[in-house]
Peer 1: 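Mind looking over this structure? Questions follow.
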2 protein chains.
Amino acid sequence: MARHGFSRTLVVLTLTVIALSYSRQPLALQHSPRLFAKFASSTTSSSSSPQFDYHYETRFFQQQLDHFSFSDLPTFPQRYLINTDHWLGPQHSGPIFFYCGNEGDIVWFAQNTGFLWELAPSFGAMIVFPEHRYYGESVPYGSKDEAYKNATTLSFLTAEQALADFSVLLTDLKRNYSAIDCPVVLFGGSYGGMLAAWMRLKYPHIAVGALASSAPILQFENIVPPKTFYDIVSNDFKRESSTCFNYIKQSWDEIASKGQTSNGLELLTKTFKFCQILNRTDDLLDWLESAYSYLAMVNYPYPSEFMMPLPGYPIKEVCRRIDGGPDGTSILERIYEGVNVYYNYTGEAKCFELDDDPHGLDGWNWQACTEMVMPMSSSQESSMFPPYEFNYLSFEEECFKNFGVKPRPKWITTEFGGHNIHAALKKFGSNIIFSNGLLDPWSGGSVLQNISESIVSLVTQEGAHHLDLRASTENDPDWLIEQRATEIKLIEGWINEYYQKNEAVFDM
Amino acid sequence: MARHGFSRTLVVLTLTVIALSYSRQPLALQHSPRLFAKFASSTTSSSSSPQFDYHYETRFFQQQLDHFSFSDLPTFPQRYLINTDHWLGPQHSGPIFFYCGNEGDIVWFAQNTGFLWELAPSFGAMIVFPEHRYYGESVPYGSKDEAYKNATTLSFLTAEQALADFSVLLTDLKRNYSAIDCPVVLFGGSYGGMLAAWMRLKYPHIAVGALASSAPILQFENIVPPKTFYDIVSNDFKRESSTCFNYIKQSWDEIASKGQTSNGLELLTKTFKFCQILNRTDDLLDWLESAYSYLAMVNYPYPSEFMMPLPGYPIKEVCRRIDGGPDGTSILERIYEGVNVYYNYTGEAKCFELDDDPHGLDGWNWQACTEMVMPMSSSQESSMFPPYEFNYLSFEEECFKNFGVKPRPKWITTEFGGHNIHAALKKFGSNIIFSNGLLDPWSGGSVLQNISESIVSLVTQEGAHHLDLRASTENDPDWLIEQRATEIKLIEGWINEYYQKNEAVFDM
C-alpha cells in the first residue's frame, strides 16, 4: 500500500526513532533495541505537494571523501540548493542562511523548512540547503548501491565529515561570491539541529550563530536516563487520557497471548487489516510502536502532512478513538481504531503492508551503529510500551552482524561534549538557540535550560518535533508565533553584533 | 660530525623552519621553498643531559588510527609519560596538566618543558606528556619504516587526528582515575602550542584552558605577509648591528660568484671547514640560512643548550664575530666566524658534515606538504636572506614528487579559522594565553594582541621561541619571571573559575 510505504520513506528523514526492538527474535533477544532499518524501504523522497513553492538552483560541489586523512580517495558530488533572489550581496554583507542537511533527501528538508524561506527576504539573506553526504544524490562511489556496499565504503558516513563538508562548501561559496565578510547563520532540525549546534561550536569562524531545533545532543551515554524518550511518548498519551494510556499498555500482553494461540497470527492480521498474514507478532509490535512514537513527534497543533496526513493534535484523536468504542469493544479493536488515525487518516487504505524485508543498509542505521549510539529503554512503571532495558552488548552484536562494524559509543561525547554541558559552555561559545517543544519525545535529550546569556533554550509546552522550522500557517497558535518572533530577534542580534564587531576590528 | 647531526635531530623537534629553498636545483628552480627534510636525518632524540631530573612512568594507550571514519584499520600504541606524585586526586578535583606533544620524541619535550614540572607541585597537578602520532615511539603499522612507507600509510598523520588522540586519551585517563571532574590545563610550545590552542577551541568540554607558547596559528595563507618570518630573523641581526646584517646580506652574492669559479666549491669547502667537498653552493646556503633562523628562535637571554650549546643572546656574539675581524677579513671569513657560534660554540668540531641525502619522509615534511602549508618569502628590501617569492605551484609540485600527495593549503583555516580571528573569537571561546617573545621569528604568525578578556596575548620584547615553557634558571631576567607569574595567575584563575562553575551547576 503506497500510503504506508510513503510514511516509511519520510520517517527516516526526521530524526529516526530508534524503537524498542532492534531485531526481535522469537525467543532469546525478545527485546533488543530496534534500529530504523525495518521502516526504511528507500530513501529518495519527493513529497512535492503543491503547497511548497520555493525556488532554488540545484548545484553540485566536489568534496573530499575524507577530510581528516590524506588517503587517495575519490571525491564525491555534494548537492546543494541555493537561492540568491533576496541576498543583499557582498557590498552590504548580506547574511547567508545555511541549513545543515540531515539524514535524507535535501529537497524534502528544503520544502519542510518554510521558516527559513519566509525569513530570507526581510534579512536580505542568501539561502543554502546542502545535502548530507551519503543521502539523496550526494553519494560517493558513483551510486547509492556502491556507497552502501559494505563497512569500508560506508566508513566515511560520519557527522564530523558532514560538518567538514559544510565548512568547506561555505568557505568556497564565500570566496566565489566575494562574501568573506558575510555572516552565516546555521539552521537545522532534529539530527540537522545537532549538526547546526555542533558546527557553531566547532567552526565559530565560519558561522555567527545556530538555531538548533529539536536537537537531542544529550541523548548519549547516560547523560539523560535512557527511558526518557519512551516516557515522553507515553506521557503524550497519558495527558490526553489515562484510559487510553492503559489500553495501550495492556495491549502488548493481549497481542502476545493472542499470537501464541494456534490461529493467533491470522486473527491479528484480520484485526489490524494487514494485506498479508503476519509472520510474527514482533512485526505488529514494531508497527504499533512506530506509530505511537511518530505521533508524539508530529503532535502538531494544526492539521499537517509532515509524516502522514493528520489532524491537529493527532494523539487527542487517537485516544478519542481508543477510548470511544462501545462497551464490549476488545482492546485490540480499540488499538486498531486508534492507530488507524496515523496510518489511514484519509480512509483510503483498505489494508496495510508490512515491509518484512529490512533494507539493512540504510544510512541512519549505519550512523546509529557507529557514532550515534543513543541508549533507549522502556520503563516498567512509567512507559506504556513493553518494558525493555537497553543492553549495549546485544546492540554491539547486532551492529556487527548487520554492518560488520563496532560502534564507538563514547566517541560523540568525546568529540562534541555533552556531559555537564552547562558548566562546560557557561563561559565558552555563544549564539546558539536550542528550541524544543515538550510534546516531542526528542526534547528530553536536548538542552532545556539556558546555558549562558547567548546559548539559550526556547521551550514551548505544546510544541512538537522542530515545529518552529515549518512554514507559518493561519492556524499557528500564539505561543508558536511568539517563539518564532523570539528566534528572529535573537538572529537579528547575532548579525548586528557581527557587523559591529567587524567594524570595530577593521577600525583597529 | 656528531655535533652537527645532533642539531639536525633536535631542530625538527621545535617548529621546524621552512626555509627558503625547498629543493634548490641548479638552474630553473633556484629559489623554490625548502622543507625541513634536508635537516632531518633522523628523529629519535635523547638529549638526556644531566640537568633534567624529572620522574615519570611511561605508558602506552591503543588509539584508533582514524578517528573520523570507521574503516577497518589497525590501532597503534600512543606513548605517554605520566606523573601523579603531587596530584591532589579526584576527591579534591586535582588538576591535570597536559602537554600537547609536537613533532618529535615526547621525552625530549618533557625534558625541555621545566615550567610544567615546576608548577605541578603547587597546583597539586597530575602531569601528562602524550606523544604525537607518527613521532618517537608512537607509530602505527609496527615500525617507523612501515608507517613512513608511502602516502597511504602516512595519510593519518594530521593535526586533527592528533587532537582526537589527545581527547580520547584524556577521556580515558579521567575515567580510570575517577577524575571526570578534574580540570585539565593544556600546554604546548611551537606546533604543540598550536595544538593546545586549537584543542581548547575544539574540545572545550575536555580542557578548561590552554597556554599556547610561540604558536604561529596565523602563519597560513595570506593572514600574515609571507615575508614575516625572515624579516624577523633579519631584524634580530640588524638590531645587534646593521654592519652584521649587511655582511650577511652581501654574502649570498659572494658565495654565488665564488661557487661559479673553477675551484669555487673547494674554496668554499675550505672556508667553511666542511669535512667533505661541497657538491653545490645551495647546500652551503641551506646550512647558513638554518643557522641564522635557529639562532633567532633560540636567541635566549642566558646560555642554553636547547638546540646547541650557545651563549646568552647568541646573535649578539655572532654579530660581534662577523663585525669584529681585522681589516681585510673577507666577508666569507666573517660569516664563517659568525656561524661558528651556532655550529661550534664549544670549539670541539674540527670540520662540519653536510647531510646531503635528505631523509625525505620525515614527519614534519609530510605535515608541511599536506595541511601545514605556511607560505614563506624573503623580501628584497627588508630581509638579509636571498630574495625569494613563495610559489605555490612549485611547492605543490615538489610535494607531489616527494610524497605523492597534494597539499590542501586552505584546509587549516577552514578547520581552525585564522582569518579575522579577533572578530571571530571576540565573543567566542575563552581561557587561552598566546605567549610570544618578539625576537622569535614565529611570533609574527602568532596572536600578538588580546582577543577578549580571557583570550589574551602575553608579549615580551626580549623573549624567543617558547622560552616561558623552559625550566627557570638563576639567570632569568625580571621580565621572564614576571611573564611566568602572569601565566600562573591566569591558570589559577581558570581553575578557580571552573571549581566555582561546577559548584554552581551541581547546586542547580
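Please read these numbers as outputs of a predicted model, since none were measured by experiment. Sequence lines set the chain letters: A, B, ... in the order given, protein chains first and strands last, and positions in each chain run from 1.
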Peer 1: Answer whether the closest heavy-atom distance between the side chains of W366(B) and F70(A) falls below 4.5 Å.
Peer 2: yes
Peer 1: Chain A heavy atoms under 4.5 Å from V168(B): which part of the residue, side chain, backbone, both or neither?
Peer 2: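 Contact with chain A: backbone and side chain both.
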Peer 1: Is the backbone N or O of T414(A) less than 3.5 Å from a side-chain atom of T171(B), with the two atoms forming a donor-acceptor pair by type?
Peer 2: no
Peer 1: Could you tell me which portion of E371(B) (side chain, backbone, both or neither) has an atom closer than 4.5 angstrom to a non-hydrogen atom of chain A?
Peer 2: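 Contact with chain A: backbone and side chain both.
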Peer 1: A side-chain contact here means heavy atoms from C-beta on lying under 4.5 Å apart; do N420(B) and I180(A) qualify?
Peer 2: no
Peer 1: Between S167(B), G429(B), S454(B), which residue shows the highest count of heavy-atom pairs closer than 4.5 Å to chain A?
Peer 2: G429(B)
Peer 1: Quick check on K406(A): does its NZ atom have over 12 non-hydrogen neighbours (other residues, nucleotides or ligands) under 6.0 Å away?
Peer 2: no
Peer 1: Under a 4.5 Å heavy-atom cut-off, does chain A meet the side chain of D72(B), its backbone, both or neither?
Peer 2: neither
Peer 1: Out of curiosity, L201(A) CG to F428(B) CZ, how far, rounded to the nearest 0.5 Å?
Peer 2: 5.5 Å
Peer 1: For the OH atom on Y392(A), are there more than 12 heavy atoms of other groups (residues, nucleotides or ligands in this structure) within a distance under 6.0 Å?
Peer 2: yes
Peer 1: Can you tell me how far CZ of F156(A) sits from CG of D66(B), rounded to the nearest 0.5 angstrom?
Peer 2: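 D66(B) atom CG to F156(A) atom CZ measures 7.0 Å (nearest 0.5 Å).
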Peer 1: Between chain A and each of H419(B), R408(B), E497(B), Q161(B), count heavy-atom pairs under 4.5 Å; write down the option with the most.
Peer 2: R408(B)
Peer 1: Heavy-atom distance under 4.5 Å to chain B: side chain of T413(A), backbone, both or neither?
Peer 2: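 Contact with chain B involves the backbone of T413(A) alone.
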Peer 1: Quick one: NZ on K427(A) to NZ on K501(B), what's the gap to the nearest 0.5 Å?
Peer 2: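 That separation rounds to 7.5 Å.
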Peer 1: Please find the pair of heavy atoms, one from T158(B) and one from S69(A), that lie closest to each other, and give the distance.
Peer 2: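 That closest heavy-atom pairing would be CG2-CA, 4.3 Å.
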Peer 1: Check whether any side-chain heavy atom of R175(B) lies under 4.5 Å from a side-chain heavy atom of K410(A), and answer yes or no.
Peer 2: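 Yes - at least one pair of side-chain heavy atoms lies under 4.5 Å apart.
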Peer 1: With chain B, which of S430(A), P204(A), A424(A) has the greatest number of heavy-atom pairs at distances under 4.5 Å?
Peer 2: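 If we count pairs closer than 4.5 Å to chain B, P204(A) comes out on top.
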Peer 1: Going through the checks in order, is the side chain to side chain contact (heavy atoms under 4.5 Å, CB included) test met by E160(A) and E160(B)?
Peer 2: CA-CA 11 Å; E160(A) 301 85 62; E160(B) 301 86 61; over 6 Å; no
Peer 1: How are the rings of H67(B) and W411(A) set relative to one another: parallel (under 30°), tilted (30 to 60°) or perpendicular (over 60°)?
Peer 2: parallel
Peer 1: Considering only heavy atoms and a distance below 4.5 Å, find which of V405(B), T370(B), T152(B), N431(B) pairs most often with chain A.
Peer 2: T370(B)
Peer 1: Can you name the closest pair of heavy atoms from H205(A) and E415(B) and give their distance?
Peer 2: CE1-O, 3.5 Å
Peer 1: Could you tell me if the side chain of K202(A) sits less than 4.5 Å from the side chain of F416(B), heavy atoms only?
Peer 2: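 A side-chain contact under 4.5 Å is absent here.
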